[in-house]
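To keep things clear, I will list the structure first and then write my remarks on it.
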Amino acid sequence: MSNYEPVIGLEIHIQLKTKSKLFCASPNSFNVESPNTNICEICTGQPGTLPRLNAEALRKAIMVGLALNCETAKITKFDRKNYFYPDLPKGYQISQFDMPINGKGKVMVGNREIGITRAHLEEDAGKLLHELPGSDLKSSQRSDPRMTYVDFNRAGVPLLEVVTEPDFKSPEEAGLFLRQLRSIVRYLDASMADMEKGHLRVDANVSVRKIGETKLPDYKVEVKNMNSFKAVEAALSYEIERQTELLEKGEKPIDETRGFVDHTKTTVSQRTKEAAHDYRYFPEPDLPPIAITDDFIQELRIALPELPQAKAKRFIKEYDLPESDVWQIVDDKSFANYFENVASELGAWFEADNISVEKYKKSLKSLANWLTGDFLAMLNRDGKTANESGLSPENFAELIKLIEQGVISNTAGKSVLTEMYATGGDPSDIVDRQNLGQVSDEGLIEGVIDKVLAANQEVVEKYKAGKTGVLGALVGEVMKQTDGRANPQLVNEILKTKLD
Ligand SMILES: [Zn+2]
């Protein structure tokens with residue numbers, strides 16, 4: 001075991017979902033094919049133009065802050081962060097320096113509290129391209145080694161930068177927080193939060209210290225270029241190992257920015273931090289400070305939906321489900337709603353038929369398994385939500401009912417679900433049409449069992465010699481012979497009677 005532990009902090013840029021950009025009326029959709037189409041005088045920084053703050057961006061920024069238990073500023077202001085880069089037409093970025101919209105906050109990640117330092121608003125920069133977009137172009141027309149192109153469609157897009165305290169103690173914990181954060185901003189409809197599309201960009205600060213040490217290490221490495229949560233975890237794991245090795249040799253890792261290389265799962269040095277940037281922040285003179293009233297904050301607080309963590313707690317209590325299933329269900333709001341719709345159908349049926357609470361709970365567990373297993377895999381494969389699948393909650397509930405009543409086996413359930421997903425059909429119809437109903441005819445099952453026993457004398461001898469574990473193999477053979485349609489419970493019972 002290593003004597004060292006990591007100290008990890010995260011900075012996440014979240015692209016807010018608004019109709020227009022942060023300070024002008026240009027559309028906020030930078031992933032369009034034609035460059036420099038969603039632009040105007042303001043976001044291209046032309047002289048004499050004035051920025052105007054997007055109220056929707058401010059609202060969403062505060063709501064995310066409230067969800068992260070941040071203190072909302074009473075007065076907030078914008079500042080100019082000065083630097084030169086070709087994708088920054090004004091020569092400065094409008095950001096927030098000392099009076100961010102959201103101050104300190106905290107969230108629970110697993111059973112540990114993680115501090116939020118701040119979450120402030122800022123505008124995004126444009127993009128440099130080394131190849132022209134446009135599907136109508138031939139590849140020889142797309143790029144020219146002498147040229148770099150600039151696209152300002154992204155310039156001025158609203159970002160919320162969330163900065164955490166260096167509170168994470170493992171890559172997995174950082175990954176868990178990021179998944180939680182993504183879920184929260186999606187619940188709030190504050191962002192699409194698709195990492196691959198650049199809606200969510202993560203930078204990580206990581207250093208390593210001796211276990212028991214309470215001071216922060218006197219160096220810090222920043223890691224960039226990670227485009228998935230898995231990549232963040234891999235980059236952090238690699239860094240922890242690399243830095244620990246250096247420290248064990250008595251060397252100190254240097255302050256630097258490193259980039260993650262996806263195919264090797266390693267990081268490489270991009271630049272050292274010897275020349276610290278001086279951005280010469282000063283208050284943005286074209287935007288007055290904003291006073292946020294208590295009434296406004298209260299109004300937004302009331303508008304907050306039930307958030308993933310609260311929903312998870314309620315599901316565990318109300319539906320008596322294991323925590324791991326619950327997190328998978330509540331991660332996406334519409335998926336959680338779908339679960340509740342099916343659960344309520346099941347509830348109505350159990351009530352009408354006066355079936356015991358135990359059986360109801362068992363059917364909920366089965367529902368959770370089917371939803372988070374086969375169904376979720378199909379949705380992910382096709383990039384669909386549960387509602388878009390065309391599979392109604394009524395029909396899903398009926399499928400669970402057929403399985404739980406023993407009308408069809410689990411194996412048959414899989415093919416019924418596949419068919420329902422493909423055609424939106426009714427499960428009972430599918431069972432009839434495909435002749436999938438479970439066989440509970442004892443005579444028929446006995447016949448198959450006799451054949452299986454005759455053909456597997458060796459296994460039977462083993463069983464009789466006390467190796468009762470081989471029973472499973474015999475059950476499996478019977479199921480195979482009946483195309484998975486024999487009632488497994490009956491098969492077990494009859495087999496045992498015959499063998500004992
Ligand atoms: Zn504009």
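The figures here come from the full heavy-atom set of this structure, side chains too, leaving out hydrogens, waters and symmetry mates. Please read all numbers here as calculations on a predicted model, not as lab measurements. For ligands, and for the atoms within them, numbers begin at 1 and follow the listed sequence.
With hydrogens and angles disregarded, no donor-acceptor distance shorter than 3.5 Å links the side chain of Glu388 to the backbone of Lys384. Remark: side-chain polar atoms of Asp426 are not paired, donor with acceptor, to backbone N or O of Asn395 under 3.5 angstrom.
Checked against Phe396 for a ring-ring contact (aromatic ring centres under 6.0 Å, His included), the options Phe339, Trp370, Phe375 give a single hit: Phe375.
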Please set out all donor-acceptor pairs under 3.5 angstrom arising from side-chain atoms of residues 298-305, sequence neighbours excluded.
none

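Both cation-pi conditions hold for Arg80 and Tyr92: the charged atom is under 6.0 angstrom from the six-membered ring centre and inside a 45 degree cone around its axis. Remark: Lys81 qualifies as a cation-pi partner of Tyr279 under the 6.0 Å distance and 45° angle criteria applied to the six-membered ring.
Within the protein, the number of N, O or S atoms lying under 2.8 Å from the Zn ion (ligand 1) is 4.
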